[in-house]
Amino acid sequence: MRLESLVHWLGAAIALCGYLALAPHLGGPALLLFPLLLGLALAAGKFSRPAPPAWALNLAALAVFLVYVPQLSRTHLQPAADILVLLLGLRLLTTRSPRQRLQIYALAVLALAASTLFDLSPRFALFLVLLFFAVALSLVLLTVLREVPQLRLRRSELRALLGTGLLMPALALPLAALLFFILPRTQVPLWDVLNQQDQAQVGYTERVQPGAAAAIHGGNATALRVETVELAPEDLYWRGTVLNQFDGQSWFRQTPPHVPAEQPVSRTERRLTQRVFPEPGAHQVIFALDAPLLVQGVVTQVSADRVFTGRQRAGQRISYEAISLPGATLQAGATGPNRDFYLQLPPALPEDLRRLAAQIYGEATDAEERLARLRAFFAEGGFRYTTSDLPTGEDSLRRFLVEERSGHCEFFASGFAVLLRLGGIPARLVGGYYGGDYNPLGGYYLVGERRAHAWVEVWREERGWERIDPSVYAINHATALRPGATGGWRHGLRLAGDALEHFWAVSLLNFDLERQTRALREARRVLRDFRFERPGSAVWALLLLVAAGAALPWRKRFARRGADPYLRGFLRLARRRLRLRRIPPELGLFDLAARLDDPAARRFAQLYGEYLYGDQPLDGARKRQLRALLEQMRTNQRNSRR
């Protein structure tokens with residue numbers, strides 16, 4: 001096999017790794033054009049086609065800049081990724097000098113580094129390892145190719161050369177692992193850090209505004225992962241914040257009265273511990289299974305209505321442990337909550353809503369009876385859950401309750417809470433997430449932004465604040481809120497991929513400075529306290545030293561197999577005789593022999609050429625002849641100086 005072909009294919013593989021690392025973040029044209037350019041480059045190499053003229057490639061590169069640079073902005077970095085990938089593809093079409101190959105390697109590594117602007121998925125680690133080995137091997141092969149441009153390798157020689165090339169990055173792996181414990185790292189994509197102020201919130205928000213849009217889409221982004229046991233669907237309410245004020249258009253939060261502070265009380269006293277891994281976001285709300293009792297592992301503040309907030313910086317990746325009492329209610333002491341605070345409504349509330357409340361409650365004076373009538377109104381009213389064709393505008397809530405009766409959780413919760421307050425029953429909205437996909441491989445719930453949900457907490461004199469989700473009264477709630485079980489190999493593959501991503505986030509991205517310091521201290525303590533107290537320890541240490549000593553001769557022998565001492569000796573003598581600092585790549589073996597004007601050199605080139613290109617074996621007799629010819633060349637050089 002020709003060494004140049006091997007280097008050519010390896011360069012294409014390196015470029016492909018850089019492209020695949022950035023592919024999820026590329027625009028359509030760049031995503032399609034790079035495979036086309038790569039295919040043209042591979043075909044040109046296979047059929048020995050000449051490269052396009054330099055002026056044409058420079059013109060194409062200029063066109064790329066002219067198209068994409070005007071699209072760049074502080075909030076839109078995708079054109080920069082497109083430029084990088086297209087330049088990489090154009091560079092593949094150029095002539096294949098070592099300098100141009102190094103440029104391809106550099107562009108591929110830059111593409112991998114650029115991918116960290118957008119995400120920090122395990123895909124980065126995969127392509128980092130591939131590029132680490134491929135680039136190191138290519139540099140070794142390029143060094144050999146510069147010395148012998150037309151070199152052909154037999155299978156055994158190819159194996160030896162590849163082994164030598166891969167040995168160096170393999171030996172560097174322990175150093176790379178050490179750097180992992182020392183170097184600082186980011187826990188979120190760099191672009192998220194730089195662009196936090198311009199991010200649009202999708203999914204969970206700290207303000208509920210029914211009627212703000214005709215359709216909603218939560219997206220596929222992950223909100224949090226929660227390691228816990230598998231739970232019943234009715235328990236899967238991840239409580240975030242409490243919205244206690246309504247201005248006629250939206251629900252928002254005001255600081256609640258401090259006294260009395262609410263406490264969860266459960267009839268069953270069932271406690272559930274969760275390990276929560278929220279994705280970095282702009283808000284500081286701490287989510288936990290309803291009703292949250294305790295949060296530990298992160299600095300938090302808890303309000304009187306049991307809303308937990310963290311003191312972490314926005315965008316910081318954290319994890320914490322939460323303890324909850326599923327099915328519990330929140331007791332507000334002997335005096336109960338501040339009723340005036342939780343019965344406030346805007347004076348400009350539509351008159352239709354007041355008439356509707358009067359129609360629902362009728363002559364009922366007992367709060368429990370009014371609550372039962374309101375539940376019956378929603379259960380029998382033909383309400384339908386949907387996320388499209390929603391009522392919008394200032395009277396959207398009235399249209400939902402009186403006319404259209406079709407909406408999503410914000411409409412159900414807002415309508416239910418407003419009617420409760422019109423009936424003299426304290427009520428408030430709760431924002432969080434409902435449901436989640438349980439991953440049995442990782443033992444956790446995957447909760448996406450599309451699971452963002454709003455429900456109601458109603459005050460009942462005998463029980464306290466009780467959770468009621470009005471969305472379950474929708475005639476289609478079984479399919480809209482609780483999608484059926486999924487299966488098949490695609491679902492299994494998705495769960496396996498997410499389990500890998502969860503492991504990546506927990507083990508690597510969450511390995512922050514505090515853990516780095518703790519690991520270094522632990523390593524220092526282990527080394528300081530290490531003693532050969534057990535006979536086995538000394539034996540194992542001795543065996544390791546013996547193994548390392550035995551590996552050295554093997555390594556030298558392996559290195560000798562990969563190199564060719566005869567050819568290197570010939571080139572060294574030729575360089576001295578011709579007074580060259582290095583052999584130009586265009587000079588082959590026979591060209592050098594002709595320039596040396598030495599019969600021994602010409603004979604050496606003939607013998608070595610028969611071995612190299614004529615499939616003649618490099619047996620003992622031929623080696624002795626080559627050594628003798630090299631010695632004759634040295635003698636001739638010494639005689640020529642006299």
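In what follows, residues are counted from 1 in the order of the sequence shown.
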Derivation and outcome, side-chain contact (heavy atoms from CB on, under 4.5 Å), residues E449 and T222: CA-CA 6 Å; E449 289 293 350; T222 297; over 6 Å; no
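- The minimum heavy-atom distance between M633 and A600, with the atom names listed, is CG-CB, 3.8 Å.
- Atom CG of L571 and atom CG of L589 lie 7.5 Å apart (nearest 0.5 Å).
- Summarising the geometry of L131 relative to C17, their closest heavy-atom pair is CD2-CB, 3.7 Å, with the distance given to 0.1 Å.
- Taking a cutoff of 4.0 Å between a charged side-chain nitrogen and a carboxylate oxygen, D437 and R225 do not qualify as a salt bridge.
- Residues R575 and R581 share a closest heavy-atom pair of CD-O, 3.2 Å.
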side-chain contact (heavy atoms from CB on, under 4.5 Å) evaluation trace for R91 with L107: CA-CA 9 Å; R91 179 51 70 190; L107 286 172; 4.2 Å; yes
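- One distance of note links CG of L446 with CG of D498; it measures 4.5 Å at 0.5 Å rounding.
- Checking E227 against Y445 by side-chain atom types alone, no donor-acceptor pair falls below 3.5 Å.
- Scanning all heavy atoms of the two residues, the minimum distance from L92 to A41 falls at O-CB, 3.5 Å.
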side-chain contact (heavy atoms from CB on, under 4.5 Å) between F287 and V447, intermediate numbers included: CA-CA 11 Å; F287 295 93; V447 183; over 6 Å; no
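- Between the OH atom of Y204 and the CG atom of L224 there is a distance of 11.0 Å, given to the nearest 0.5 Å.
- For the pair F570 and L629, the minimum side-chain heavy-atom distance is 4.5 Å or more.
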Evaluation steps, side-chain contact (heavy atoms from CB on, under 4.5 Å), between L578 and I583: CA-CA 9 Å; L578 299 176; I583 302 295; 5.7 Å; no
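- Between the CD1 atom of I14 and the CG atom of L130 there is a distance of 10.5 Å, given to the nearest 0.5 Å.
- Atom CZ of R595 sits in a sparse spot, with 12 or fewer heavy atoms from other residues, nucleotides or ligands closer than 6.0 Å.
- Counting only distance, with no hydrogens or angles, the side chain of W9 and the backbone of L42 share no donor-acceptor pair below 3.5 Å.
- Looking only at side-chain heavy atoms (C-beta outward), L626 and L630 stay at 4.5 Å or farther from each other.
- Partners of D591 under the salt bridge (charged side-chain N to carboxylate O under 4.0 Å, His left out) rule, at least two apart in sequence or in another chain, do not exist in this structure.
- Summarising the geometry, atom CZ belonging to F133 is positioned 13.0 Å from atom CG belonging to L10; distances are rounded to the nearest 0.5 Å.
- Here the CD1 atom belonging to I104 is positioned 11.5 Å from the CZ atom belonging to R99, to the nearest 0.5 angstrom.
- Here the side chains of R603 and Q625 are in contact, with some heavy-atom distance below 4.5 Å.
- Inter-residue side-chain proximity for V276 and I286 is flagged as unmet; no heavy-atom pair is nearer than 4.5 Å.
- Closest heavy-atom contact between Y68 and A30: OH-N, 4.0 Å.
- Between the side chains of Q637 and R634, not a single donor N or O lies within less than 3.5 Å of an accepting N or O.
- Here the closest non-hydrogen pair linking P278 and I318 is CD-O, 3.5 Å.
- Put simply, the side chain of Y444 does not reach to within 4.5 Å of the side chain of Y438, judged on heavy atoms.
- Checked by atom type, the side-chain pair R275/S319 shows a donor-acceptor distance below 3.5 Å.
- Considering only heavy atoms from C-beta on, L112 comes within 4.5 Å of F124 through its side chain.
- Applying the side-chain hydrogen bond (donor to acceptor under 3.5 Å, both in side chains) test to every pair with at least one member in residues 15-30, sequence neighbours left out, gives these pairs: H25-D119.
- Between L20 and F127, some side-chain heavy-atom pair lies under the 4.5 Å cut-off.
- R622 places a side-chain heavy atom less than 4.5 Å from the side chain of E610.
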